[in-house]
Each structure stands twice: as structure tokens, then as C-alpha cells.
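Since the structure comes first, as C-alpha cells, the remarks are kept for the end.
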There are 2 protein chains.
Amino acid sequence: MKNKALQEQRIRGYFIEATKEILKSEGLKSVSVRNIAEKAGYSFATLYNYFKDAKDLVFLCVQDFQEECSAHVVTRSAKAARGGKKLRAILLAYLEYFVQYPGIFELFFMEKLSELNKQPETASMITGFPDRLCEEEWKYLIANKTVSAAAAANKRAALLYGLSGLLLLYINRQMPAGYPAFLKAANTFIDSQLKEMNT
Amino acid sequence: MKNKALQEQRIRGYFIEATKEILKSEGLKSVSVRNIAEKAGYSFATLYNYFKDAKDLVFLCVQDFQEECSAHVVTRSAKAARGGKKLRAILLAYLEYFVQYPGIFELFFMEKLSELNKQPETASMITGFPDRLCEEEWKYLIANKTVSAAAAANKRAALLYGLSGLLLLYINRQMPAGYPAFLKAANTFIDSQLKEMNT
DNA sequence: TTTATAATTTGAACAGTGTTCATTATATTT
DNA sequence: AAATATAATGAACACTGTTCAAATTATAAA
């Protein structure tokens with residue numbers, strides 16, 4: 001009787017798809033149990049038969065969004081020459097994605113994880129994400145002796161912190177003011193972190 | 001008849017004090033109109049006679065918290081020698097304050113500003129805050145030719161972004177895991193940004 | 001001091017949340 | 001077809017924010 005599992009998984013999918021739609025269009029503020037259920041075609045009470053929480057449901061979208069973001073980054077950085085150039089292109093595309101979908105940034109970095117859920121998993125999945133996007137390129141740079149493994153580790157951390165903060169300030173506090181100024185700040189910051197490499 | 005203005009200001013103060021208490025103890029999640037009003041000794045409806053919103057009220061606490069944080073930073077960095085050392089002490093004390101009061105970090109950097117309020121004022125008051133803490137020290141370093149004005153501007157921006165991101169990830173995503181690891185990451189990051197200065 | 005007027009405080013009421021649970025409806029098995 | 005198991009649902013409760021007319025209090029006038 002594996003039909004049951006299949007049908008159950010399908011229904012879960014309807015709820016997840018509904019949540020993703022709301023997140024991308026109206027943002028996290030519009031995500032409510034009754035809202036999701038209506039878009040999924042079920043009663044709000046049904047949601048609780050398949051998920052513990054609406055927060056639970058929301059964090060199940062993280063993986064899908066990461067894949068979407070990865071695809072965007074790959075496309076946007078495809079033409080860049082390998083090495084520092086490509087790294088820059090990847091990071092800029094990463095920023096671009098979250099500027100386009102501020103609700104997803106909110107979900108990734110600002111929404112509180114439901115306690116005791118699978119906090120560590122989801123949290124590290126999120127915090128490790130930008131780093132994974134760059135992994136191949138760092139390996140390449142280290143292999144080419146452009147940068148030492150130790151220096152690379154420091155730069156990776158600095159980029160993770162800096163870009164997270166940059167997005168936080170731009171999305172939440174309009175600083176810098178306007179997208180061109182943001183782009184300039186991002187370029188300046190990335191360059192300052194990537195310098196002193198034998199590009 | 002300036003008694004009226006005085007009394008009005010006092011009542012506003014009661015509400016603000018109540019809000020501050022809640023923010024520091026239970027955090028932003030426990031801030032509600034009825035909650036604040038009860039602590040202030042008034043009905044929830046009275047709040048609307050003195051403030052447009054509970055959000056309005058919350059952002060009036062920002063200035064008080066900044067002063068408290070400033071005082072903490074001054075105390076903690078008093079013994080450090082001027083220059084790079086002092087700058088480091090200031091930034092570490094800044095981080096320390098927000099780690100101690102995550103609710104205040106949430107308020108400063110994550111809470112949405114009520115639209116059309118005094119968004120630009122409050123936003124720049126917040127984003128400029130860490131920079132103001134360091135202002136004197138950067139001036140000193142520039143005057144001593146330890147660093148050029150241009151390089152200083154870049155480093156200031158990088159530190160603002162990086163430390164914001166570091167706090168965001170640590171407070172919201174437990175990354176790095178544990179306070180010691182956080183402190184180490186903070187030190188490494190600050191050092192990497194302050195290096196290449198003739199300290 | 002008593003009365004009339006102005007100002008302030010307040011709770012009822014409404015529309016939203018999330019969540020639980022007994023009831024209803026559907027599907028499955030006998 | 002009847003009995004049983006499974007799934008879907010809306011009522012109900014406790015919270016949110018917010019408005020507004022009524023009640024209370026303070027002030028001014030008689």
C-alpha cells in the first residue's frame with residue numbers, strides 16, 4: 001500500500017508550493033496558516049495533519065529556493081573567466097538574487113527557526129550556502145597557488161559575514177540608498193577582500 | 001499652561017520605559033500593545049492617545065539603547081591604547097552588547113521600520129551608529145598617518161558590513177556555534193580588516 | 001460650591017492571527 | 001451493504017492590533 005505514501009507526499013507538495021508562491025510574491029508577512037491552506041485548496045486545519053507548524057512548512061521551502069538561487073548564480077557567472085573574476089561574478093549574482101526576492105533573504109537569515117525542530121540542519125544548510133556556491137572556485141585558486149588554503153579560509157569567512165551584513169543593511173535599512181550605490185558598495189567590498197591574490 | 005506638555009511627556013515616558021523593559025527582558029516577540037500598557041499602568045487604548053503605533057513606540061527606544069551601548073563601549077575600551085588596539089576594543093565591546101541583548105539587535109537591524117514614519121532618520125541613525133563609535137579613533141589613525149583617509153573609509157564600510165553579518169549569523173543561526181568560537185571569528189575578522197596599518 | 005464644558009481614559013467590539021479537537025465526510029475492509 | 005479506519009473540516013479559544021463611543025476626570029464658569 002504505497003499509494004498512501006505517494007498521495008500524502010503529493011498533498012504535502014501542494015502546501016509547499018502554495019507557501020513558495022506566497023513567499024515570492026507577497027513575502028513572509030503574508031504567510032499564514034489560513035492563507036497557505038486556501039491557496040493549496042484545503043482547510044487550514046488540514047495543514048496540521050501534514051505539518052507541525054506553518055514555520056515548519058516555510059523552512060521546507062529553503063532547499064527549493066537554494067536550488068533556484070544556485071541556478072541563477074551558475075547562469076550569471078557562466079561567462080566569467082575562472083579565478084577571481086568568476087568568484088566575483090558568483091557573489092554578485094548571489095546578492096542579485098536576494099535583492100530580487102527580499103522575502104527569501106528574510107526567510108534565510110532573519111526568520112527564527114522553530115525551536116527543537118531541525119535547527120542545526122537548517123541553520124547550517126543556510127549559513128553554508130554562499131560558501132558552497134564558491135567552493136569550486138576557491139579550490140581552483142588554491143590549486144593554482146593564487147592563494148593559500150589558510151588565507152582562503154579567512155577570506156571566505158569575511159565574505160560570508162560582509163555580504164550577509166550588506167544585504168541586511170540594504171534590504172532592511174536602505175543603506176546604501178539605491179541599487180547603484182549598493183552595487184558599488186558590494187564591488188568595493190568584494191574587491192577589498194579578494195585583493196592580494198595573484199590574479 | 002505648560003503643565004500639560006510636561007504631564008504628557010511624563011506619560012509618554014512611562015510607555016517608553018515599559019517598552020524598554022520588555023525589549024531587554026523578553027524581547028521583541030513579547031512587545032504588544034496590551035503588554036506595554038499594563039506595565040505602564042494604563043489601558044491599551046490609552047497608548048493610542050500618545051503614540052500612533054506600538055512600532056513607533058519601539059523605535060523611540062533606539063536612541064536610549066544607543067546611549068546605553070555607547071556607555072558600555074566607552075567603559076570596556078577605556079584601558080586600551082589609542083589606535084588599532086582601541087579600535088578593536090571598541091568593536092568587540094559593540095559586539096558584546098548585542099550578544100548580551102539579542103532583542104536590541106533584532107530591533108536595530110531586523111525589525112521593519114513603520115513605513116513613511118521617520119524611516120530615513122531612524123535608519124541612518126542605526127546604520128551610522130557603529131561608525132560613530134569609532135569615529136574619534138579613525139580620525140586619530142588618519143592624523144597619525146597610520147592609514148590614509150581613503151583606505152580608512154573602505155575599512156570602516158567593511159567592518160560595518162562584516163560585524164552586522166557576524167551578529168546576524170551568530171544570533172539568528174548559531175554560527176559560529178558557541179560564544180568562544182564567535183569571539184574567535186570576530187577577532188580574526190577584525191584583525192584581517194585592520195591589518196596593513198602601521199600599528 | 002455647584003454647574004457646565006472640555007479633555008482624557010477606557011472597555012466593548014471587530015477583524016485578524018495560531019492552534020486544538022470533536023464532528024463530519026470519505027475511503028477501505030470485511 | 002455494513003462496519004471500520006482514515007482524512008478533512010469548522011467551531012471554539014486565546015491571542016494579536018485598532019477604532020470609537022461611552023464613562024470618567026479635570027478645568028472653567030456661574
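Model, not experiment: these values are computed from the prediction. Just so it is clear: chains get the letters A, B, ... in the order the sequence lines come, proteins before strands, and each one is counted from 1.
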Considering just the side-chain nitrogens and oxygens of A:Y50, establish if one lies under 4.0 Å of OP1 or OP2 belonging to D:dA7.
no

Is the distance between the ring centroids of B:Y101 and B:F105 less than 6.0 Å?
no

d(CD, A:E8; P, C:dT28) in whole Å:
14 Å

For nucleotides 18-20 of chain C, give me every protein contact, N/O to N/O, under 3.5 Å, one pair per line with atom names.
residue : atom : partner : partner atom : Å
C:dG18  : OP1  : A:V33   : N            : 3.2
C:dG18  : OP2  : A:V33   : N            : 3.2
C:dG18  : N7   : A:R34   : NH1          : 2.7
C:dG18  : O6   : A:R34   : NH2          : 3.2
C:dT19  : OP1  : A:D53   : OD1          : 3.2
C:dT19  : OP2  : A:Y48   : OH           : 2.8
C:dT19  : O5'  : A:Y48   : OH           : 3.4
C:dT19  : O4   : A:R34   : NH2          : 3.2

Is any side-chain heavy atom of B:L95 less than 4.5 Å from a side-chain heavy atom of B:Y170?
no

To the nearest angstrom, the CG-P distance between A:L47 and C:dT17 comes to 14 Å

Atom-pair distance (CG on A:N49; C1' on C:dA22), nearest Å
13 Å

Using C1' atoms of five pairs at each end, report the bend of the helix from C:dT1-D:dA30 to C:dT30-D:dA1 rounded to 10 degrees.
30°

Please determine if a side-chain N or O atom of A:S43 lies less than 4.0 Å away from the OP1 or OP2 oxygen of D:dA8.
no

Within this structure, what is the CZ-to-P distance between B:F51 and D:dG17, rounded to whole angstrom?
15 Å

For atom CZ of B:R76, is the number of surrounding heavy atoms from other residues, nucleotides or ligands below 6.0 Å larger than 12?
no

Same cluster (ILVMFWY, side-chain, under 4.5 Å), B:V74 and B:L92:
no

Contact class for A:I36 (heavy atom, under 4.0 Å): base, sugar-phosphate, or nothing?
nothing

CD (B:E26) with more than 12 external heavy atoms under 6.0 Å
yes

CG of B:L28 versus P of D:dG17: gap in Å, rounded?
11 Å

What residues in residues 12-23 of chain B put a non-hydrogen atom under 4.0 Å from any atom of DNA chain C?
none

State whether B:K24 and B:E68 are salt-bridged, where the test is any N-O pair (Lys NZ or Arg NE/NH1/NH2 against Asp/Glu carboxylate O) under 4.0 Å.
yes

